[in-house]
2 protein chains.
Amino acid sequence: MSDHDAGRRPGFAAERRERILRLLRANGSMSLRELASAVHASEVTVRRDLRALAADGLLDRRHGGAMLPGGLTREAPYREKTGVATAEKAAIAEYAAGLVEDGDAIVLGGGTTTHELARRLTGRRDLTVVTNSLLVAEALADAPGAEVVMTGGALRGPIRALVGGAAERSLAGTHVRRAFVSGNGVSAARGLSTPNMAVAGVDRAMAEAAAEVIALADHTKVGADTMFQTVPPDRVSLLVTDAAAPPAELAALRAAGVRVHVVTP
Amino acid sequence: MSDHDAGRRPGFAAERRERILRLLRANGSMSLRELASAVHASEVTVRRDLRALAADGLLDRRHGGAMLPGGLTREAPYREKTGVATAEKAAIAEYAAGLVEDGDAIVLGGGTTTHELARRLTGRRDLTVVTNSLLVAEALADAPGAEVVMTGGALRGPIRALVGGAAERSLAGTHVRRAFVSGNGVSAARGLSTPNMAVAGVDRAMAEAAAEVIALADHTKVGADTMFQTVPPDRVSLLVTDAAAPPAELAALRAAGVRVHVVTP
DNA sequence: GACCCGGCGATCGAATATGGTCGGTTCCGA
DNA sequence: TCGGAACCGACCATATTCGATCGCCGGGTC
C-alpha cells in the first residue's frame with residue numbers, strides 16, 4: 001500500500017491527531033517543529049491540534065512543544081540543553097532516514113542518533129528493523145508499517161541496549177542490506193570504536209550482519225578513538241557527520257576509502 | 001433507509017459496508033477519499049454508509065474520514081490510567097513481589113500486572129530477570145541490583161512484548177526457579193490462555209523454563225477462557241488473584257491442584 | 001406498459017479545516 | 001538585567017469537506 005512518499009498520505013484531521021499522540025507516546029516529548037514535520041502539516045495546524053488534545057487532557061503543552069501528561073515517567077525535555085550536539089544528531093538522523101526505503105530490512109544499533117533515526121521511520125511501509133536498542137524498539141512499536149525484531153541479550157541500563165553473547169548470536173543468523181551504527185568514536189586509523197567491551201561485541205556482530213555499514217557520528221566523535229575497535233575503516237561504507245567535524249580527519253577517512261557525507265544542522 | 005430489510009437482501013450495499021468496516025479495523029482509521037477509492041464507490045455513497053454505520057456505533061465519524069470507536073482515548077492499552085482493575089493489579093503485584101527474594105533468578109512475562117511487579121523489584125539485590133516485555137525491561141533498567149536479560153524476537157507493538165520463534169528459542173536454554181506470567185484468562189478446565197498464538201508460544205516457553213509457574217490474574221480473567229492454552233492447570237503452582245474472583249472457579253482451581261492466594265486491594 | 005421504490009451519483013450552499021501573517025509574549029544567552 | 005530570537009494566539013483568505021436536494025437507473029408490482 002505504498003502510494004508515494006512514505007507517510008505522505010492525504011490523511012485527515014483526526015488521524016493526524018492520532019499520529020501526534022502516537023509520536024508523543026513513543027518519544028515522551030517532542031517539539032512543535034518536529035511534530036509538524038513528522039505529520040506533514042504546518043506548525044499552525046499542529047498547534048491547533050495540540051490545543052485540542054491538551055483540552056482533552058491527552059497531553060501537556062509546553063512552550064515549544066508538548067509532552068505526555070502527568071509524565072514523570074520520562075523526563076525528556078524536548079529542548080535538550082543537556083544533550084550535546086542535539087541539532088547535529090537530528091540533522092544526521094534526518095539524512096540517514098532518507099537512505100531508508102520502503103521494503104528495506106535494516107539493522108539499527110544503540111545510541112541517541114539511531115534513536116533519532118528510528119523516530120523518523122515511523123511512516124515507512126513494509127520495513128523490517130533489527131535492533132538491540134530499547135529506545136529504537138519503543139519508537140517504532142506503534143508504527144504500522146514497521147516490523148521490529150529485537151536481539152536478545154543482557155540489558156545495559158544506561159544506554160538501554162542489549163549486549164552480550166545472546167545478542168551477538170541472534171545477529172549471527174540475520175543478514176540485511178544496511179546497518180546503521182553509532183559508536184563513541186570514529187577515526188581513519190581505527191574505524192569505529194566504543195569504550196565498552198560488551199557493546200563492542202554487538203556492534204561487530206551488527207556490522208557482520210549487514211552488507212553495508214553506515215556510521216552515524218556527530219563531530220564530537222570524529223577523530224575520537226576509544227578502547228575497543230568495532231568496525232574497521234574499510235568496512236564503513238558511509239559516514240554521516242556534521243559540518244563541525246575536523247576536516248583533516250574527514251580527509252583521512254576519505255583517503256581510507258570511507259564515503260563521507262556532511263550535513264548542516 | 002430501512003435497517004430491517006438490509007439483512008433480507010444481501011445487496012451490494014451491505015457487502016460494501018462490511019468491507020468498509022474490515023478496512024477500518026485493518027487500518028485503524030481512513031480518510032473518506034481512501035475509502036471511496038478502496039470500495040469503488042463515490043464519496044457521497046461512502047459518506048452515507050459511514051453515517052449509517054456510525055449510527056450503529058460501529059465506527060466514529062470524523063471530519064474527513066472515519067476511525068474505530070473510542071480511538072483517541074484508549075489508544076495505548078498498556079498505559080491505561082483508567083484501566084480496568086488497576087488497584088487489584090497493584091495489590092496482586094505487591095504480593096507477588098514478596099515472593100521474590102534477593103539472589104533470585106526469575107522470568108517475567110508481558111502484561112500490565114507483571115509490569116507492576118517489575119516496578120516493585122527495583123530495590124532487590126543480585127536479581128536476575130528474564131523477560132520478553134519492553135515495559136519490564138524499562139522498569140528495571142536503572143535498578144542497580146537487577147540484571148535484566150531480554151529474549152529476542154519480533155516486537156508485538158500493542159503489548160510491547162517480544163514473540164515468535166526467536167523468543168521461544170532463547171528461552172529454551174534458560175532455567176530459573178520461578179516464572180511470573182499473566183495471560184488473558186485462567187480457568188480450572190484449561191489453565192492459562194491467551195487469544196494470540198504468538199504470545200501463547202512464548203508463554204509456553206516461559207513455563208518450560210521455570211521450575212514453578214506463578215500466574216498473576218485479576219478477577220476479570222479468572223474463569224475466562226481464550227483461544228490458545230499456554231500453561232495447563234497442573235503446571236500452575238500458584239495463582240495470585242483478587243477478592244472479586246468468582247469463588248466457584250477458585251474452588252475448581254484448588255481442586256485441580258492449584259494453590260490460590262487471594263489479595264484484597 | 002406505467003408506476004413506485006430503493007440505491008446511487010452529481011451539484012450547490014454551508015460549515016469546517018488549513019496555512020500565512022501580524023503583534024504581543026516568553027524564553028534563553030550574554 | 002537586557003536584547004534578540006523563538007513562540008503563541010488571533011485574524012483572514014483559501015481549500016476541503018459536509019449535508020441536502022435533485023435526477024438517473026434498475027427491479028419489482030399492478
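Computed from a prediction, not measured in an experiment: that's the story for all the values here. Every chain is numbered from 1 and lettered A, B, ... according to where its sequence line falls, protein lines coming before strand lines.
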- Query: Are a donor atom and an acceptor atom from the side chains of B:Ser29 and A:Glu15 found within less than 3.5 Å of each other?
  - Reply: yes

- From CA spacing to verdict: ring pair (Phe, Tyr, Trp, His ring centres under 6.0 Å), A:His261, A:Tyr95: CA-CA 9 Å; A:His261 184 88; A:Tyr95 176 80; 3.6 Å; yes

- Can you find a side chain N or O atom of B:Arg61 that sits less than 4.0 Å from OP1 or OP2 on D:dG19? yes

- Message: Treating A:Glu249 as the side-chain partner and A:Pro246 as the backbone partner, does any N or O pair qualify as donor plus acceptor under 3.5 Å?
- Response: no

- Item | Most 5' of B:Glu43 and A:Leu32 on DNA chain D, judged by nearest nucleotide | A:Leu32

- So, B:Thr194 and B:Asn196: side-chain donor and acceptor under 3.5 Å apart, yes or no? no

- Sequence-aligned protein contact record of nucleotides 20-25 of chain C, with B where the base is within under 4.0 Å of a protein heavy atom and S where only the sugar-phosphate is: BB----

- Nucleotide D:dT17, atom C1' - distance to CG of B:Leu35 in whole Å: 14 Å

- Test A:Arg204 against A:Gln229 for side-chain contact (heavy atoms from CB on, under 4.5 Å), laying out the working first. CA-CA 9 Å; A:Arg204 284 192 205 103; A:Gln229 182 191 39; 5.5 Å; no

- Whole-Å gap separating P (D:dC8) and CG (A:Asp49): 13 Å

- Do A:Ser182 and A:Lys221 get their side chains close enough for a donor-acceptor pair, meaning under 3.5 Å? yes

- From C:dC8, D:dC7, D:dG19, nucleotide with atom closest to B:Arg51 side chain: D:dG19

- When the distance from NE2 of B:His40 to P of C:dG9 is rounded to whole Å, what number comes out? 12 Å

- Item | Nearest-Å distance for atom pair CZ/C1', residues B:Arg33 and C:dA17 | 13 Å

- Please state whether the phosphate of C:dT18, meaning OP1 or OP2, lies under 4.0 angstrom from any side-chain nitrogen or oxygen of A:Arg16. yes

